[in-house]
Amino acid sequence: MTLISVTANDRLGQKVTVKCDSEDKVGDLKALIAAQTGMNKDRIVLKKWNIIYKDHISLSDYEINDGMSLEMQ
């Protein structure tokens with residue numbers, strides 16, 4: 001159980017940094033981002049390069065570490 005800081009950038013000027021547990025699922029991270037941005041969590045897509053992250057897989061399984069930045073669509 002390690003707290004990590006993850007930044008999500010939508011490339012349109014909106015950048016959100018959230019703190020979450022490394023064992024949280026991607027869906028939990030989307031819920032935290034949605035709470036800060038006011039967006040619907042079902043419309044948020046997180047990706048890095050060409051990999052789209054699935055909601056039911058944990059952040060540690062994707063090797064998302066502290067200080068990492070993700071693309072948000």
* Of all pairs that satisfy side chain to side chain donor-acceptor pair (under 3.5 Å), the ones with a partner from residues 26-42, not counting sequence neighbours ->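 For residues 26-42, and leaving out neighbouring residues, the side chain to side chain donor-acceptor pair (under 3.5 Å) pairs sorted by first residue read Lys30-Asp55.
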* How about Tyr53 and Ile64: do any of their side-chain heavy atoms sit closer than 4.5 Å? ->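 They are in contact (side-chain heavy atoms under 4.5 Å apart), so the answer is yes.
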* Under a 4.5 Å cut-off applied to non-hydrogen side-chain atoms, are Lys54 and Val26 in contact? ->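 Result no, sub-4.5 Å side-chain heavy-atom pair not found.
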For residues [X] and [Y], report the shortest heavy-atom separation together with the two atoms involved.
X     : Y     : answer
Leu59 : Cys20 : CD1-SG, 3.5 Å
Glu71 : Arg11 : OE2-NH2, 3.5 Å
Ser69 : Lys48 : O-NZ, 2.9 Å
Leu29 : Leu46 : CD2-CD1, 3.7 Å

About how many Å separate [atom2] of [Y] and [atom1] of [X], when rounded to the nearest 0.5 Å?
X     : Y     : atom1 : atom2 : answer
His56 : Asp61 : NE2   : CG    : 9.5 Å
Asp21 : Ile4  : CG    : CD1   : 7.5 Å
Gln14 : Met72 : CD    : CE    : 5.0 Å
Ser58 : Glu63 : OG    : CD    : 10.5 Å

* Asked: Using a side-chain heavy atom cutoff under 4.5 Å and only I, L, V, M, F, W and Y, what cluster partners does Ile52 have?
  ->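 Ile52 clusters with Val45.
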* Exam field: side chain Asp66 to backbone Ser5, donor-acceptor pair closer than 3.5 Å ->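 At least one qualifying donor-acceptor pair exists.
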* Evaluate whether atom NZ of Lys15 has more than 12 neighbouring non-hydrogen atoms of other residues, nucleotides or ligands under 6.0 angstrom away. =>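 Open: at most 12 neighbouring heavy atoms sit under 6.0 Å from NZ of Lys15.
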* To do: Please list, chain by chain and in numerical order, all residues satisfying side-chain hydrogen bond (donor to acceptor under 3.5 Å, both in side chains) with Thr7, sequence neighbours excluded.
  =>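 So Thr7 forms a side-chain hydrogen bond (donor to acceptor under 3.5 Å, both in side chains) with Thr17.
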